[in-house]
Amino acid sequence: MENNRRPETMERITTAALADAFIEEQVAAVRAQVGNKKVLLALSGGVDSSVVAALLIKAIGKQLVCVHVNHGLMRKNESENVVELFRNQLDANLIYVDATDRFLNLLDGVSDPEQKRKIIGKEFIEVFADEARKLEGVDFLAQGTIYPDILESIKQAEGKKAVKSHHNVGGLPEDLKFDLVEPIKLLFKDEVRVVGEALGLPHAMVYRQPFPGPGLGVRCLGAITRDRLHALREADAILREEFANAKLNETVWQYFVVVPDIKSVGVKDESRYEGWPAIIRAVNTTDAMSATIEEIPYALLHKITNRITHEVEGINRVLYDLTPKPVGTIEWE
Ligand code: XMP
């Protein structure tokens with residue numbers, strides 16, 4: 001636990017120069033720790049795992065083996081972008097696994113949110129473990145653990161209860177024993193971003209909004225179906241595009257679409273058209289423990305509504321969720 005505590009003397013990384021010094025120090029530390037051995041990393045494309053990947057590519061190049069598991073619950077083009085950036089631009093040793101069918105088959109008919117989370121978390125570990133077993137001579141596992149994760153585990157160890165079960169790659173099966181490489185475990189999120197930019201990662205990736213591990217799985221409410229998941233992904237892509245055009249992506253903390261498993265009656269081409277509603281949620285927070293609602297200009301809401309109802313098959317209404325946290329949580333599940 002000792003080296004899991006941030007020293008009081010550790011300066012906050014707020015500038016490129018401080019980030020460069022941190023990177024240099026960690027590159028040396030990682031090289032000293034792993035020597036010429038291989039390191040495995042589950043690369044989700046989130047800020048933390050991406051920064052760890054970029055840092056380790058700098059430190060040990062192709063000794064790092066990245067595995068990107070597409071669980072079929074990613075946002076539109078997300079997996080493609082991870083492969084493009086890391087394999088094609090950063091020349092990473094990257095294994096891409098499309099496990100969509102494995103996940104969606106297991107989730108078929110499952111409507112309980114915590115059950116869905118458990119299935120996704122467990123299957124994620126299994127897919128990752130299957131890939132790890134195929135590789136030879138890997139002794140280390142890198143993780144994008146950051147300081148709030150450490151603080152959270154300390155809290156849990158003290159007996160406080162978590163509201164929702166978040167997952168990472170911890171808990172690999174017994175036959176896979178790795179030593180851990182956690183180069184950003186003493187950093188807060190804002191520092192991880194400064195380090196990411198100093199490593200040359202794109203601004204949009206480093207400042208992207210948080211995305212839950214179970215992905216669109218907890219936004220396609222109730223039992224997931226492929227057609228509703230597809231509608232959710234398309235509607236979410238429109239929301240993100242319009243927020244980016246309006247530069248709201250730079251100020252709003254988290255914004256996404258939720259599609260519940262209910263249909264209402266509508267009209268299209270003069271015929272009855274039953275469809276799902278797309279619910280937009282846009283929240284601001286500092287720590288995700290409480291959140292307020294972003295005031296979106298009406299004109300933009302009209303535009304998004306118009307686009308989603310015309311461009312997305314199966315959606316016939318758009319709603320805006322005005323509920324703060326508490327009483328709602330940020331996600332619907
Ligand atoms: P809630 O819904 O609990 O969300 O108010 C707070 C923040 O946590 C994210 N979230 C998750 N992240 N796995 C994750 O990695 C999860 O299962 C999960 N559930 C919620 C949520 O997106 C928000 O940023």
Side-chain angles (χ1 to χ4, degrees), residues 1-5 22-23 25-71 79 82-83 85-87 90-97 99 102-103 118 120-154 156-157 165-187 192 195-196 199 201 213-215:
M1 223 33 167
E2 251 330 277
N3 58 359
N4 274 351
R5 294 276 183 175
F22 172 83
I23 292 164
E25 193 184 290
Q26 286 305 318
V27 163
V30 168
R31 285 182 185 154
Q33 187 188 359
V34 310
N36 58 6
K37 302 275 171 50
K38 283 189 190 156
V39 181
L40 185 61
L41 170 73
L43 176 61
S44 66
V47 182
D48 306 334
S49 67
S50 297
V51 170
V52 169
L55 188 60
L56 295 192
I57 290 167
K58 192 176 171 79
I60 56 170
K62 295 261 162 109
Q63 280 167 254
L64 174 71
V65 184
C66 301
V67 175
H68 176 72
V69 176
N70 178 358
H71 50 23
S79 285
V82 171
V83 173
L85 174 66
F86 284 95
R87 188 185 278 164
L90 299 178
D91 199 25
N93 197 351
L94 171 69
I95 298 168
Y96 170 70
V97 190
R102 273 178 76 158
F103 281 84
K118 280 200 190 102
I120 296 166
K122 186 163 168 277
E123 188 61 8
F124 187 88
I125 289 168
E126 265 171 39
V127 174
F128 185 73
D130 286 350
E131 291 307 315
R133 285 192 193 98
K134 289 184 205 159
L135 299 166
E136 272 168 28
V138 178
D139 294 87
F140 294 92
L141 179 73
Q143 294 209 129
T145 314
I146 64 172
Y147 204 48
D149 302 330
I150 305 253
L151 294 175
E152 179 67 13
S153 340
I154 294 171
Q156 282 186 21
S165 54
H166 294 195
H167 80 268
N168 56 31
V169 195
L172 279 171
E174 278 292 299
D175 65 309
L176 290 169
K177 283 232 185 316
F178 298 111
D179 286 328
L180 291 182
V181 178
E182 297 179 301
I184 59 170
K185 72 176 174 189
L186 296 184
L187 301 190
V192 176
V195 169
L199 283 163
L201 288 175

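Model, not experiment: these values are computed from the prediction. Positions are given from 1, in the same order as the sequence printed here.
To the nearest 0.5 angstrom, L56 atom CG is 9.5 Å from Q26 atom CD. Separation of atoms CG (L141) and CG (L40) is listed at 5.5 Å; rounding is to 0.5 Å. In this structure, I125 CD1 and E123 CD are separated by 10.0 Å, a value rounded to the nearest 0.5 Å. Atom CD1 of I23 sits about 11.5 Å away from atom CD1 of I184, to the nearest 0.5 Å. To the nearest 0.5 Å, the span separating CG on N93 from SG on C66 amounts to 7.5 Å. From L85, atom CG reaches atom CG of L90 across 4.5 Å, with rounding to the nearest 0.5 Å.
Put simply, the side chain of L199 does not reach to within 4.5 Å of the side chain of I57, judged on heavy atoms. Residues I60 and K38 have side chains not in contact (no heavy-atom distance under 4.5 Å, counting atoms from C-beta outward). Considering only heavy atoms from C-beta on, V192 stays 4.5 Å or farther from Y147 through its side chain. The shortest side-chain heavy-atom distance between F124 and P214 does not fall under the 4.5 Å cut-off. Residues V82 and Y96 are not in side-chain contact: their nearest non-hydrogen atoms beyond the backbone lie 4.5 Å or more apart. Using a 4.5 Å heavy-atom cutoff, the side chains of D48 and V52 are not in contact.
Considering V65, L43, V67 as possible partners of L94, the one that fulfils the side chain to side chain contact (heavy atoms under 4.5 Å, CB included) test is L43.
Contact detail for R31 and K58: the closest heavy-atom pair is NH2-O, 3.5 Å. Taking both residues in full, the closest heavy atoms of S49 and L41 are given as O-CD2, 3.8 Å, listed atom of the first, atom of the second, then distance. In terms of heavy atoms, L180 sits closest to Q33 at O-NE2, 2.9 Å. The two residues P183 and V30 make their nearest non-hydrogen contact at CB-CG2, 4.5 Å. When all heavy atoms are compared, the tightest approach of L176 to A129 is CD1-CB, 3.5 Å. In this structure, A53 and L64 approach most closely via the heavy-atom pair O-CD2, 3.8 Å.
The backbone N or O of G35 sits less than 3.5 Å from a side-chain atom of Q63, completing a donor-acceptor pair. Although no hydrogens or angles enter the test, the distance criterion places no donor-acceptor pair under 3.5 Å between the side chain of E131 and the main chain of H68.
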| message | With side chain to side chain contact (heavy atoms under 4.5 Å, CB included) as the criterion, how do D139 and V34 come out once you've worked through the C-alpha distance, each side chain's angles and the decisive distance to 0.1 Å? | response | CA-CA 8 Å; D139 294 87; V34 310; over 6 Å; no
| request: Evaluate side chain to side chain contact (heavy atoms under 4.5 Å, CB included) for D130 paired with R102, printing each intermediate quantity in order. | output: CA-CA 13 Å; D130 286 350; R102 273 178 76 158; 3.0 Å; yes
| field | From CA spacing to verdict: side chain to side chain contact (heavy atoms under 4.5 Å, CB included), L135, I95 | value | CA-CA 11 Å; L135 299 166; I95 298 168; 3.9 Å; yes
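One finds no salt bridge joining D179 and K37 here, because no Lys/Arg side-chain nitrogen approaches an Asp/Glu carboxylate oxygen to under 4.0 Å. Ion pairing between K185 and D149 fails under the 4.0 Å rule for side-chain N and carboxylate O.
Relative orientation of the F103 and H71 rings is perpendicular, given thresholds of 30° and 60° on the angle between their planes.
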